[in-house]
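Here's the structure, in structure tokens; my notes come after.
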Protein chains: 2
Amino acid sequence: MNVTNKAQILRQGEHCNFIAFIHEGSFRFYYDKDGEEKIIAFNFEGDFITNYRSFLTGKPSDHFIEAMQDAVIYKINLQELNSLYDKHKNIERLGRLIAENLYLMVASRLDSFMFQTPEERYKALIERNSRLLQEVPQYMVASYLGVKPETLSRIRARK
Amino acid sequence: MNVTNKAQILRQGEHCNFIAFIHEGSFRFYYDKDGEEKIIAFNFEGDFITNYRSFLTGKPSDHFIEAMQDAVIYKINLQELNSLYDKHKNIERLGRLIAENLYLMVASRLDSFMFQTPEERYKALIERNSRLLQEVPQYMVASYLGVKPETLSRIRARK
DNA sequence: GCAGGTCGTTGACTAGAGTCAATAAATCTT
DNA sequence: AAGATTTATTGACTCTAGTCAACGACCTGC
């Protein structure tokens with residue numbers, strides 16, 4: 001499935017009935033708080049992208065998923081997946097592995113918010129994914145790190 | 001399996017090779033940062049308790065799991081579970097459901113750290129689990145909320 | 001080129017959590 | 001019950017991120 005830059009493959013208020021696998025391109029997962037975009041995650045080639053909470057609980061999504069470039073993804077639909085679960089027992093393992101994978105991602109992000117300062121998060125990010133800083137506007141990185149753009153600017157100015 | 005108050009069913013440095021189900025009692029999941037205990041979670045009857053990251057990745061645990069009262073738990077061992085996965089395909093579903101369940105817990109905790117102030121987290125906690133505040137010393141609640149005991153004391157003094 | 005945006009930086013100030021210290025209250029111990 | 005220890009509160013001060021505003025750099029389209 002082709003997705004053009006800035007297309008929203010999930011909107012606030014919709015139920016997320018898919019898990020997508022990113023073949024090409026990148027996405028941001030964010031929500032809109034009074035006009036201010038709060039970025040929860042960036043996702044790249046090889047990642048799964050979904051609002052897993054909405055997917056699992058059936059509740060409407062609070063978040064948007066938006067392409068940051070033209071992209072190619074493969075979607076697995078909730079209903080399809082459930083019927084696959086019932087028909088082919090091996091697929092359960094896939095579901096389990098996806099859940100485990102997503103767990104590890106969110107758990108490490110929780111760690112970074114519980115135990116690191118914004119400055120430490122920033123340094124860890126450039127360590128882990130310096131490419132992100134080239135490709136993504138700085139105000140989005142700031143949001144991802146949980147600080148205001150002014151603050152990220154000041155963190156960068158510290159030596 | 002019986003566990004006495006303050007017993008540590010998982011210690012820092014050990015690989016967590018189990019998932020436990022709490023039949024009776026309560027536990028805290030924490031780690032020790034330079035002598036200061038940082039509490040990640042409290043768990044009660046009906047909850048699963050494990051260092052799921054260590055369990056999944058095989059890496060040593062950074063955390064302790066400690067009983068806060070005498071307790072009764074049922075443990076599922078990693079090796080057992082893996083062999084069950086292979087022998088009985090239906091067990092995969094159990095593994096998936098556990099993973100999904102743990103995902104939702106950690107995701108909502110991440111939300112609270114990304115988007116709420118300590119005061120809002122405190123209010124949400126008394127809303128959700130006022131019982132906790134009776135049973136657990138306040139300095140542990142402070143740690144769980146990600147603030148110092150002095151700060152929690154001041155939050156409580158605000159009206 | 002120029003006008004209008006957006007983005008990033010910088011400054012002055014505010015607000016809230018951390019730190020350190022003193023004290024009060026609650027809880028073990030014996 | 002008395003003393004000792006732990007836990008909770010309060011005060012004074014510091015440090016860091018937020019807020020608001022100004023400004024410059026870089027775009028874009030006309």
Side-chain angles (χ1 to χ4, degrees), chain A residues 5-6 26 28 30-40 42 66-69 109-126 130-159, chain B residues 4-7 26 28 30-40 42 64 66-70 109-126 130-159:
Chain A
N5 187 16
K6 297 196 178 163
S26 56
R28 65 198 178 107
Y30 69 95
Y31 91 112
D32 188 293
K33 184 172 190 173
D34 315 321
E36 194 188 0
E37 294 176 0
K38 303 272 198 174
I39 296 177
I40 286 90
F42 296 109
E66 187 178 299
M68 299 196 296
Q69 320 162 14
R109 189 137 166 80
L110 174 60
D111 267 8
S112 75
F113 271 83
M114 286 187 74
F115 304 125
Q116 293 186 304
T117 62
E119 179 163 0
E120 287 168 338
R121 282 200 292 281
Y122 173 70
K123 285 181 176 164
L125 179 64
I126 56 181
S130 60
R131 179 184 140 212
L132 187 85
L133 303 169
Q134 322 309 323
E135 297 181 4
V136 170
Q138 194 168 307
Y139 72 92
M140 285 190 191
V141 176
S143 172
Y144 176 75
L145 293 172
V147 296
K148 300 287 155 186
E150 295 94 324
T151 299
L152 178 54
S153 182
R154 289 186 174 106
I155 288 172
R156 285 160 52 83
R158 291 176 201 160
K159 276 276 167 15
Chain B
T4 58
N5 187 17
K6 297 198 180 164
S26 57
R28 66 199 177 106
Y30 69 95
Y31 91 112
D32 189 292
K33 184 171 190 174
D34 315 321
E36 193 188 0
E37 294 177 358
K38 303 272 195 173
I39 296 178
I40 287 89
F42 297 109
F64 295 87
E66 188 177 299
M68 299 197 297
Q69 321 160 15
D70 290 350
R109 190 138 165 78
L110 174 59
D111 266 8
S112 76
F113 271 82
M114 286 187 73
F115 303 124
Q116 293 186 302
T117 62
E119 179 163 359
E120 289 168 338
R121 283 200 291 282
Y122 173 70
K123 286 183 176 164
L125 180 64
I126 55 182
S130 59
R131 179 184 142 214
L132 186 86
L133 303 169
Q134 322 307 324
E135 297 179 3
V136 170
Q138 194 168 308
Y139 72 92
M140 285 190 191
V141 176
S143 173
Y144 175 74
L145 293 173
V147 297
K148 300 288 156 186
E150 295 94 323
T151 299
L152 178 55
S153 182
R154 290 185 174 106
I155 288 172
R156 285 159 51 82
R158 291 176 201 161
K159 274 281 165 11

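None of these values were measured; they are calculated from a predicted model. Letters A, B, ... mirror the listed sequences (proteins, then strands); counts begin at 1.
Side chain to side chain, Arg156(B) and Tyr122(B) meet the donor-acceptor criterion of an N or O pair below 3.5 Å. Defined by atom type and a distance below 3.5 Å, a donor-acceptor pair is present between the side-chain atoms of Glu66(B) and Tyr30(B).
Between the CZ atom of Arg158(A) and the P atom of dC15(D) there is a distance of 13 Å, given to the nearest Å. Distance OH (Tyr122(A)) to C1' (dT16(D)): 18 Å, rounded to an integer number of Å. The nearest whole Å value for the distance from the CG atom in Leu133(B) to the P atom in dA8(D) is 11 Å.
Checked by distance alone, Arg154(B) brings a side-chain donor or acceptor within 3.5 Å of a matching partner on the base of dG11(D).
Under the 4.5 Å side-chain criterion, counting only non-hydrogen atoms from C-beta, Met114(B) is not in contact with Asp111(B). Put simply, the side chain of Gln69(A) reaches to within 4.5 Å of the side chain of Glu135(A), judged on heavy atoms. When side chains are defined from C-beta on, Pro118(A) counts as touching Val147(A), because their heavy atoms get closer than 4.5 Å.
Side-chain atoms of Ser26(B) do not come within 3.5 Å of backbone N or O of Met68(B) as any donor-acceptor pair.
For an aromatic pair to be called close, the ring centres must be under 6.0 Å apart, and Tyr31(B) with Phe64(B) fails this.
On the nucleic acid side, DNA chain C has its first and last nucleotide under 4.0 Å of a heavy atom of chain B at dA17(C) to dC20(C), going 5' to 3'.
Within residues 142-151 of chain B, the residues approaching DNA chain C are Gly146(B), Val147(B), Lys148(B), Glu150(B), Thr151(B), by heavy-atom distance under 4.0 Å.
Figure legend: cation-pi geometry between Arg121(A) and Tyr144(A) absent, as NZ or CZ is not positioned both under 6.0 Å from the six-membered ring centre and within 45° of its axis.
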